[in-house]
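Values reported hereafter were calculated over all heavy atoms of this structure, with side chains retained and with hydrogens, waters and symmetry mates removed. Residue numbers begin at 1 in each chain, while the letters A, B, ... track the order of the sequences. Note that this is a predicted model, so its numbers are computed, not measured.
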Protein chains: 2
Amino acid sequence: MGQDKDFEYLGKIQDYFAEHKTLPTFSHVAQLLGFKSKNAVTSFVARLKLQGFIDYAPDKRLKPGRRFFERIIAESTVQAGFATPTYGDSLDTIGIDDYLIEKPSQTILITVRGDSMKDAGIFDGDVVIVEKRAFANVGDIVVAILNKEFTLKTLGKEDGQFVLIPANRDFPVIRPNGDFEIFGVVVGQFRKYG
Amino acid sequence: MGQDKDFEYLGKIQDYFAEHKTLPTFSHVAQLLGFKSKNAVTSFVARLKLQGFIDYAPDKRLKPGRRFFERIIAESTVQAGFATPTYGDSLDTIGIDDYLIEKPSQTILITVRGDSMKDAGIFDGDVVIVEKRAFANVGDIVVAILNKEFTLKTLGKEDGQFVLIPANRDFPVIRPNGDFEIFGVVVGQFRKYG
DNA sequence: TGACACTGTGTACATTCGTACAGTAAATTT
DNA sequence: AAATTTACTGTACGAATGTACACAGTGTCA
């Protein structure tokens, strides 16, 4: 199938975008993919456009289509392993931003310092995605304002009183005497290695 | 200062990018900002370029500069707290993808099943970002192919032999007798709550 | 085998690009 | 008040853009 080759080409264009933050011109695409004619690009682009990977800007130049940033998620199971996925497979495919952030205007990113949420898989240096709102459920990981300080803890309840529980045995459960405020709820987390 | 007006203009251009995933041409910028001449754009762009917000693509068109996507990540410290960032909604959709994925075409996402990397902060259901390559350093978290099965472990060395170390005391260190292959290296991880 | 879609080549072309240069009007400096 | 700088207008222009059309090679399918 030409499909496979198109996806190989798409990969190169995605790499170009990752590097330059803009899509190449027709001529550059031709150069990038080894075509000797710009017209080869025209039809190639038309194919990708049908599938939503590439689109046209108001001025006919190329711009990323709605699926351009999508990524394939493969399933790994400890025992069974997984196969290398391709676009053809009907696996979930997502853009990470869209997946993690639902309400951009109410969402902020916070780099976490300290190990108090270590056992919840939130390490020093991780970034948490926080949706700003005043209400949370027991069990949610929340950003709370306590004594005018922000802190990241799991929201719990003891004897009808809300408590803030760290996910690390070395830290104490906080039982706020006065009141505290919920700044937001952690809806996601990410980490970069290296 | 003209500075303020420039930033106001920059905001409009960032909005344009958020919508179109590409920067406008000089003519469109003029239109967007209410200029009647393209040349007004030339000098305006020159100013933003000096500050690193906008750059030129290989073909002289505009592309986002290194500071264009500056995302507002607040720092949280356990004791000191953090301040609410000012530009709440300038998180663009490309931000996280771009941060986590450097080589899109060689990168795949894998949903992790099992608790074998729990102590490394990789939980059941988390998604890891894997850059496909055959070589890794000791200490890297790798996806290895062992007995035709894929597995996620930390790469270690014992007596000059590579070993695969799970980040969970309940799992054994794997000392491959035969050879194993490195499928890729984990360069990032993310998780969604709720 | 022949018809026919694909994929890419090569040439031609109107449109649009970003830039150069000359000029105006207002703000800033001296 | 004169000189200079800044911010923008307006026209002109070579270069590069994306598109159109004719054509060649390859594989597919009846």
Please state how far atom [atom1] in [X] lies from atom [atom2] in [N], giving the value in whole angstrom units.
X     : N      : atom1 : atom2 : value
A/F35 : C/dC6  : CZ    : C1'   : 12 Å
B/K36 : D/dC8  : NZ    : C1'   : 11 Å
A/H28 : D/dA16 : NE2   : C1'   : 10 Å

Which residues pass the side chain to side chain contact (heavy atoms under 4.5 Å, CB included) test with [X], not counting sequence neighbours?
X      : answer
A/T154 : A/M117, A/I141, A/I165
A/S43  : A/R47
B/R175 : B/E158, B/V163, B/V173

Nucleotides 23-25 of chain C: which of its N/O atoms have a protein N/O under 3.5 Å away?
none

* To do: Apply side chain to side chain donor-acceptor pair (under 3.5 Å) to A/K49 and list each qualifying residue two or more places apart in sequence or on a separate chain.
  =>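 Expected list: A/D55.
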* **side chain to side chain donor-acceptor pair (under 3.5 Å) partners for A/D59, two or more places apart** =>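 For A/D59, the residues satisfying side chain to side chain donor-acceptor pair (under 3.5 Å) (neighbours in sequence not counted) are A/R61, B/H28.
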Please tabulate, for side-chain N and O atoms in residues 181-194 of chain B, each donor-acceptor pair with protein atoms closer than 3.5 Å (sequence neighbours left out).
residue, atom, partner, partner atom, Å
B/Q189, OE1, A/Q189, NE2, 2.9
B/Q189, NE2, A/Q189, OE1, 2.8
B/R191, NE, B/D126, OD1, 2.9
B/R191, NE, B/D126, OD2, 3.1
B/R191, NH1, A/A120, O, 3.2
B/R191, NH1, A/G121, O, 3.3
B/R191, NH1, B/Y193, OH, 2.8
B/R191, NH2, A/G121, O, 3.2
B/R191, NH2, B/G121, O, 3.1
B/R191, NH2, B/D126, OD2, 2.9
B/K192, NZ, A/Y99, O, 2.9
B/K192, NZ, A/E102, OE2, 3.2

Which atom pairs, donor and acceptor, lie under 3.5 Å between side-chain atoms of residues 34-41 of chain B and protein residues at least two apart or in another chain?
residue, atom, partner, partner atom, Å
B/S37, OG, B/N39, N, 3.1
B/N39, OD1, B/T42, OG1, 3.4

* D/dC8 phosphate, OP1 or OP2: any side-chain N/O from B/Y9 under 4.0 angstrom? ->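 Yes.
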* Got a sec, which hydrophobics cluster with B/F123, joining ILVMFWY side chains under 4.5 Å apart, including via others? ->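 None, because no other hydrophobic side chain comes under 4.5 Å of this residue.
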* Asked: Can you tell me how far NZ of B/K118 sits from CG of A/D119, rounded to the nearest 0.5 angstrom?
  ->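 Answer rounded to 0.5 Å: 8.0 Å.
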* In degrees rounded to 10°, what angle is found between the helical axes fit to the five outermost pairs at each end of the helix from C/dT1-D/dA30 to C/dT30-D/dA1? ->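 That helix has its two terminal axes inclined by roughly 30°.
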* **Under 4.0 Å protein heavy-atom contact, by nucleotide of nucleotides 18-24 of chain D - B base, S sugar-phosphate only** => BBBB---
* Give the minimum heavy-atom separation between A/G156 and A/V138, together with the two atoms involved. =>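 Scanning both residues, the minimum pair turns out to be CA-CG1, 4.0 Å.
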* Asked: So which heavy atom on B/F180 is nearest to which on B/L146, and how close?
  ->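 B/F180 and B/L146 have their closest heavy atoms at CB-CD1, 3.6 Å.
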Could you go through nucleotides 3-5 of chain D and list every protein N or O atom that sits under 3.5 Å from one of its N or O atoms, giving the distance for each pair?
none

* **salt bridge (Lys or Arg N to Asp or Glu O under 4.0 Å) between B/K103 and A/D15, worked out** => CA-CA 6 Å; B/K103 300 171 187 169; A/D15 286 349; over 6 Å; no
* To do: State, yes or no, whether a side-chain contact exists between A/L155 and A/L164 at a heavy-atom distance under 4.5 Å.
  =>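 With C-beta onward as the side chain, the pair touches.
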